[in-house]
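To start, the structure under review is shown below, and the notes come after it.
Only this structure's heavy atoms are used, side chains among them; waters, hydrogens and symmetry mates stay out. Along the sequence shown, residues are numbered consecutively beginning with 1.
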Amino acid sequence: MVFIYNLIFIILMGMLFRKKLNNNRKKGLFLFICFFQMFLIQALRATYVGSDTIQYVEIYNKFSNSQYYKYKLTHYEIGVQALIKLLYKFGFDAQFMLAAMSAIIMIGFAVYIYYNSENVFISTFIFATLFYPNSFNVVRQYISMAIALNSFYFFNNHKYIKGVLIVIIASLFHTSILLLLIPQSLGIIKNKKFIRNTLILFNSFVLIFGTFFSNYILNHVHNSYYSASEFVKNDIFSLTTFLTFIYALIFYYYSVKRSNEKVENVLNVYTYVALSNLAFGILYLKNEIFSRFVELFNSHLIVSVSIIESEKQDRYRQITRAFFYVVPIIWMLLMVFASNAGVSKYGFFLKNRS
C-alpha cells in the first residue's frame with residue numbers, strides 16, 4: 001500500500017503546484033518534496049523489503065570478518081565495493097548504507113528530471129509508478145541508471161565527452177549501463193531516417209532469430225543466476241514485450257512527425273532507445289536475464305513521455321496522454337501485488353528489531 005499512498009501524495013502535490021511548475025524554483029521545490037518522501041520510504045525500509053536487500057546487508061555486516069563475504073563483495077562492481085568499504089570505514093551501520101544508496105538514486109533521478117523534462121509532474125509520476133518500486137530490488141542497477149541518465153543532457157547539447165564520462169562513471173556500479181551509449185551515439189549521425197529504419201530491420205531479425213541471439217549472448221554470460229533461466233512463459237513477460245512495442249511505435253510516430261529541429265533531435269535519440277529496447281523486449285521472452293536491459297532502456301520514458309505529452313496540436317494527444325497515465329498505474333499494481341516482487345510486503349526498519 002505504501003506505493004499507492006506515495007502516488008496519491010505525488011498527484012496531490014501536482015495539483016498543488018499545477019500552475020507553478022514553469023517556474024524553476026517551484027519546479028525544484030516540487031521535485032525536492034516528492035523525491036525526499038520517496039527517499040525516506042526507501043531509506044527507512046526493513047531489510048526484508050527488496051529482493052537483494054538482505055544480501056547487501058549481510059555482506060556489509062560480515063565482509064570485514066569473513067573471507068566468504070569478502071569474496072562475495074568482490075563480485076560487485078568496483079564502485080559498489082568502494083562505496084560499501086567507505087561507509088564501513090566511517091563506522092556507519094547497514095541501515096545508513098541503504099539510505100546512502102537511496103540518496104544517490106533519488107538525487108540522480110530528480111536531477112535528470114529537472115534538467116531534461118518538459119513536464120516534471122508526469123516525469124515524477126512515471127518514475128513513481130514504473131521504476132520506484134523496483135528500485136528497492138535492483139539497487140546497483142538503479143544507482144548506475146540514476147547517474148547515467150544525466151548524460152542525456154550533455155549528449156543532447158553536443159557535449160559528447162562529458163556524456164561518455166558520466167556513463168563510464170555509472171558503469172562502476174553496474175556494467176550493463178554501457179549499453180546506453182549505443183542509442184545515444186547513434187544520435188550523432190545526421191541521417192535519422194536511415195537509423196530508424198535500420199533499427200526496425202534489426203528488430204525484425206531479432207524477432208525471427210531470437211533463440212539464436214539469446215543463446216549466443218547467454219554463452220558469454222558467466223556465473224550468472226539468470227543464465228540458468230528457462231524459456232519464459234509468464235504473461236507478465238509477454239505483456240512487457242507488447243508494451244515495449246507500443247512505446248516504440250508511439251515514439252517512432254512522433255519522431256517522424258516533429259517539425260521543431262531541436263526537439264526532433266532529442267526525440268530521435270529517445271526513439272533510438274525505444275527501438276533498441278524493443279529488441280531486448282523480444283529477447284526477454286527467451287530468457288529473464290534481458291529484463292535488466294529492458295528496465296534500463298525503459299528508463300528513458302521518465303523524460304521522453306513529457307516531450308510527447310507537451311505536443312498540444314496533435315490529434316492523438318488525448319489518447320497518448322490516457323495511455324501514459326493509465327498503463328503505468330496498472331503496471332505498478334501488477335508488479336507490486338501480482339508478481340511476488342520483493343516489495344510486495346513493505347515494513348519500516350524498526351521491524352528488523354522485533
Side-chain angles (χ1 to χ4, degrees), residues 1-46 49-50 53 83 95-153 166 169-170 173-174 177 295-296 298-307 309 324-325 328-329 331-332 335-336 343 346 348-349:
M1 290 297 291
V2 69
F3 299 106
I4 297 175
Y5 295 144
N6 176 64
L7 184 60
I8 292 172
F9 177 81
I10 289 172
I11 292 173
L12 290 175
M13 286 297 103
M15 294 171 64
L16 181 64
F17 284 84
R18 184 175 172 183
K19 298 180 180 179
K20 305 173 184 177
L21 292 179
N22 290 327
N23 179 290
N24 285 338
R25 185 178 177 183
K26 299 295 184 182
K27 182 167 69 173
L29 180 60
F30 169 80
L31 289 172
F32 174 79
I33 293 172
C34 292
F35 276 84
F36 185 67
Q37 177 191 245
M38 287 189 279
F39 160 74
L40 289 177
I41 293 171
Q42 192 172 74
L44 300 178
R45 71 186 187 271
V49 181
T53 306
L83 178 62
Q95 195 67 47
F96 189 91
M97 175 200 66
L98 295 178
M101 290 179 168
S102 177
I104 296 171
I105 294 170
M106 295 305 137
I107 291 171
F109 278 103
V111 171
Y112 172 55
I113 292 172
Y114 181 85
Y115 284 105
N116 296 276
S117 178
E118 296 283 333
N119 182 332
V120 297
F121 169 72
I122 193 171
S123 292
T124 305
F125 174 87
I126 293 291
F127 173 77
T129 50
L130 294 182
F131 301 97
Y132 181 55
N134 208 31
S135 68
F136 289 71
N137 294 325
V138 284
V139 178
R140 285 160 39 231
Q141 182 170 347
Y142 267 82
I143 290 175
S144 69
M145 286 163 59
I147 297 170
L149 286 174
N150 287 284
S151 67
F152 272 94
Y153 175 84
I166 288 176
I169 292 171
F173 294 89
H174 206 283
I177 204 71
E295 185 142 26
L296 162 62
N298 266 343
S299 60
H300 77 94
L301 293 169
I302 295 169
V303 162
S304 58
V305 165
S306 72
I307 298 173
E309 200 272 344
F324 287 131
Y325 278 106
I329 293 176
W331 190 253
M332 180 189 75
M335 286 289 90
V336 174
V343 294
Y346 182 85
F348 284 104
F349 74 100

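- Residues Gln37 and Ile41 form a side-chain contact, since some pair of their non-hydrogen atoms from C-beta on lies under 4.5 Å apart.
- Contacts of Asn150 classified as side-chain hydrogen bond (donor to acceptor under 3.5 Å, both in side chains), with partners at least two apart in sequence or in another chain: none.
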Show me the donor-acceptor pairs within less than 3.5 Å that the side chains of residues 100-117 make with the rest of the protein, sequence neighbours left out.
unit_1: Ser102; atom_1: OG; unit_2: Gln42; atom_2: OE1; d: 2.8
unit_1: Tyr112; atom_1: OH; unit_2: Tyr270; atom_2: OH; d: 3.2
unit_1: Asn116; atom_1: ND2; unit_2: Tyr112; atom_2: O; d: 2.8
unit_1: Ser117; atom_1: OG; unit_2: Asn119; atom_2: N; d: 3.0
unit_1: Ser117; atom_1: OG; unit_2: Asn119; atom_2: O; d: 2.9
unit_1: Ser117; atom_1: OG; unit_2: Ser123; atom_2: OG; d: 2.6
unit_1: Ser117; atom_1: OG; unit_2: Ser306; atom_2: OG; d: 3.3

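- Here the straight-line distance linking atom CE of Met13 with atom CG of Leu21 works out to 11.5 Å at 0.5 Å rounding.
- Under the 30°/60° scheme for interplanar angles, the aromatic rings of Phe136 and Phe3 are found to stand perpendicular.
- Between Asn137 and Asn134 the shortest heavy-atom distance is ND2-OD1, 2.8 Å.
- In this structure, Leu149 and Phe152 have side chains that are in contact, with non-hydrogen atoms separated by less than 4.5 Å.
- Heavy atoms only, all atoms of each residue included: Thr124 and Met38 are closest at CG2-CE, 4.2 Å.
- Within the 4.5 Å cutoff, no side-chain heavy atoms of Leu29 are placed close to those of Arg25.
- Scored by the ring-ring contact (aromatic ring centres under 6.0 Å, His included) test, Phe125 finds Tyr325 as partners (sequence neighbours excluded).
- Glu118 contributes no side-chain N or O that, together with a main-chain N or O of Ser304, makes up a donor-acceptor pair within less than 3.5 Å.
- Interatomic distance, CD1 of Ile177 versus OG of Ser144, reported as 4.0 Å (0.5 Å rounding).
- Minimum heavy-atom separation, Phe121 to Gly14: CD1-CA, 3.6 Å.
- Taken to the nearest 0.5 Å, the OG atom of Ser135 stands 6.0 Å off from the OH atom of Tyr142.
- By the 4.5 Å heavy-atom criterion applied to side chains, Phe348 and Val49 are not counted as neighbours.
- Looking at residues two or more places apart in sequence or on another chain, you find no ring-ring contact (aromatic ring centres under 6.0 Å, His included) involving Phe131.
- Contact between Lys20 and Lys26 at its shortest, heavy atoms only, is O-CB, 3.1 Å.
- Residue Leu296 holds its CG atom at 6.0 Å from CD of Gln141, rounded to the nearest 0.5 Å.
- Note that CD of Gln95 and CG of Leu44 are 6.5 Å apart. Values are rounded to the nearest 0.5 Å.
- Not counting sequence neighbours, Tyr5 has no partner by the ring-ring contact (aromatic ring centres under 6.0 Å, His included) test.
- The side-chain contact (heavy atoms from CB on, under 4.5 Å) with Met332 is formed by just one residue from the set Leu130, Asn6, Thr129; it is Thr129.
- The two atoms that bring Ala128 and Ile10 nearest to each other are CB-CD1, 3.5 Å, heavy atoms only.
- Counting heavy atoms from C-beta on, the side chains of Ile143 and His174 never come closer than 4.5 Å.
- Taking Phe9 as the reference, nothing meets the ring-ring contact (aromatic ring centres under 6.0 Å, His included) condition, with sequence neighbours excluded.
- Within the 6.0 Å centre-distance limit, the rings of Phe35 and Phe127 are counted as a close aromatic pair.
- With rounding to the nearest 0.5 angstrom, the CG atom of Leu7 is 10.5 Å from the SG atom of Cys34.
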